[in-house]
Amino acid sequence: QVQLVQSGGGSVQSGGSLRLSCATSGYTYGSYYGAWFRQAPGQEGEREGVAAIDTYNLTNYAHSVEGRFTISQDIAKNTIYLQMNSLKPEDTALYYCAFGPWGPGRPSLVADAYKSWGQGTQVTVSS
């Protein structure tokens, strides 16, 4: 069973930076997708795909974060990161990491492609 443990997040002023980490364990099925999703206040049940990466370091980003956020991974540490720069108040959300089996094409930003989820971490950006 795959387990994901998130760390990082917190509160920052507009224009600031934060980094999220997601330590994974228990995945033994070869190639994979890893991703970050977020759930904005008042949007319970709706998770927006933010960034995704696969085993081969192919990445995919939502238009709203492209050029500001960077997803990366340290395979030796089984950890996926999300570096968030130039943060805006509209980036305020509960952020989740997710993990799932690999598929062809660009790494998916669709929640249904992912089978395992982290516990969530709050990111708050004030103006």
Side-chain angles (χ1 to χ4, degrees):
Q1 183 175 355
V2 180
Q3 294 189 330
L4 308 179
V5 178
Q6 296 179 220
S7 59
S11 297
V12 67
Q13 289 191 326
S14 182
S17 298
L18 288 171
R19 188 174 85 155
L20 306 180
S21 300
C22 177
T24 70
S25 61
Y27 190 79
T28 59
Y29 301 108
S31 301
Y32 57 81
Y33 284 158
W36 291 94
F37 288 77
R38 66 187 180 187
Q39 186 172 300
Q43 300 292 322
E44 283 74 16
E46 297 183 27
R47 294 185 181 181
E48 173 195 10
V50 173
I53 191 167
D54 71 8
T55 313
Y56 312 102
N57 279 324
L58 185 63
T59 58
N60 192 16
Y61 293 94
H63 291 307
S64 59
V65 307
E66 204 155 16
R68 300 188 297 122
F69 290 12
T70 302
I71 189 170
S72 63
Q73 62 186 339
D74 185 331
I75 293 176
K77 295 182 179 180
N78 295 321
T79 301
I80 297 172
Y81 304 97
L82 184 68
Q83 178 65 44
M84 304 182 290
N85 298 329
S86 302
L87 282 160
K88 304 175 182 180
E90 52 263 44
D91 294 317
T92 294
L94 194 58
Y95 283 72
Y96 294 90
C97 64
F99 206 76
W102 183 86
R106 300 179 76 184
S108 179
L109 293 176
V110 177
D112 286 348
Y114 295 87
K115 309 301 181 186
S116 301
W117 293 83
Q119 79 275 21
T121 187
Q122 180 67 37
V123 170
T124 302
V125 185
S126 58
S127 57

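Bear in mind that the values here come from a model prediction, so they are computed numbers and not experimental data.
Put simply, the side chain of Thr70 does not reach to within 4.5 Å of the side chain of Tyr81, judged on heavy atoms.
Contacts classified as salt bridge (charged side-chain N to carboxylate O under 4.0 Å, His left out) and involving residues 61-89 (residues at least two apart or in different chains) are given here: Arg68-Asp91.
Shortest non-hydrogen contact noted between Gly120 and Leu94 is C-CD1, 4.1 Å. Between Val65 and Val50 the shortest heavy-atom distance is CG2-O, 3.5 Å. Shortest non-hydrogen contact noted between Val2 and Ser116 is CB-OG, 3.4 Å. Pairing each heavy atom of Pro41 with each of Ala93, the nearest pair is CD-CA, 4.4 Å.
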Set out, in order, the CA-CA distance, both residues' side-chain angles and the distance that settles side-chain contact (heavy atoms from CB on, under 4.5 Å) for Ile71 and Ile80, then state yes or no. CA-CA 7 Å; Ile71 189 170; Ile80 297 172; 4.0 Å; yes
Decide yes or no on side-chain contact (heavy atoms from CB on, under 4.5 Å) for Gln73 and Asn57, but give the supporting numbers first. CA-CA 8 Å; Gln73 62 186 339; Asn57 279 324; 2.8 Å; yes
Go through the steps for Tyr96 and Cys22 under the test side-chain contact (heavy atoms from CB on, under 4.5 Å), then give the verdict. CA-CA 9 Å; Tyr96 294 90; Cys22 177; over 6 Å; no
Verdict with reasoning, Gln83 to Ser72, per side-chain contact (heavy atoms from CB on, under 4.5 Å): CA-CA 8 Å; Gln83 178 65 44; Ser72 63; over 6 Å; no
Report the C-alpha distance between Thr24 and Asn78 in whole Å, list the side-chain angles of each, state the deciding distance to 0.1 Å, and finish with yes or no for side-chain hydrogen bond (donor to acceptor under 3.5 Å, both in side chains). CA-CA 5 Å; Thr24 70; Asn78 295 321; 4.7 Å; no
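Applying the side-chain contact (heavy atoms from CB on, under 4.5 Å) criterion to Thr121, with sequence neighbours excluded, gives Gln6, Leu20, Tyr95. Applying the side-chain contact (heavy atoms from CB on, under 4.5 Å) test to Ser64 and every residue at least two apart in sequence or in another chain returns Arg38, Glu48, Ala62.
Cation-pi geometry between Arg47 and Trp117 is satisfied (NZ or CZ under 6.0 Å from the ring centre, within 45° of the ring normal).
A distance-only check finds no donor-acceptor pair linking the side chain of Tyr33 to the backbone of Leu109 [under 3.5 Å]. Of the possible polar contacts, none joining the Tyr114 side chain to the Pro101 backbone as a donor-acceptor pair under 3.5 Å is found. A donor-acceptor pair under 3.5 Å links the side-chain atoms of Thr92 to the main chain of Val125, judged by distance alone. A distance-only check finds no donor-acceptor pair linking the side chain of Asn60 to the backbone of Ser108 [under 3.5 Å].
Below 30°, between 30° and 60°, or above 60°: for Tyr56 and Trp102 the angle between ring planes is above 60°, a perpendicular geometry.
Each of Leu82 and Phe37 belongs to its own hydrophobic cluster when Ile, Leu, Val, Met, Phe, Trp and Tyr are linked at side-chain heavy-atom distances under 4.5 angstrom. Taking hydrophobic clusters as Ile, Leu, Val, Met, Phe, Trp and Tyr residues chained together by side-chain heavy-atom distances below 4.5 Å, Val5 does not share a cluster with Ile75.
If you look at Phe99 and Tyr32, their ring centroids are closer than 6.0 Å.
Expressed to the nearest 0.5 Å, how far NZ of Lys115 lies from CD of Gln1 amounts to 14.0 Å. Distance CG/Asp54 to OG/Ser31: 7.5 Å, rounded to 0.5 Å. Here CD1 of Ile53 is found 12.0 Å from CH2 of Trp36. Values are rounded to the nearest 0.5 Å.
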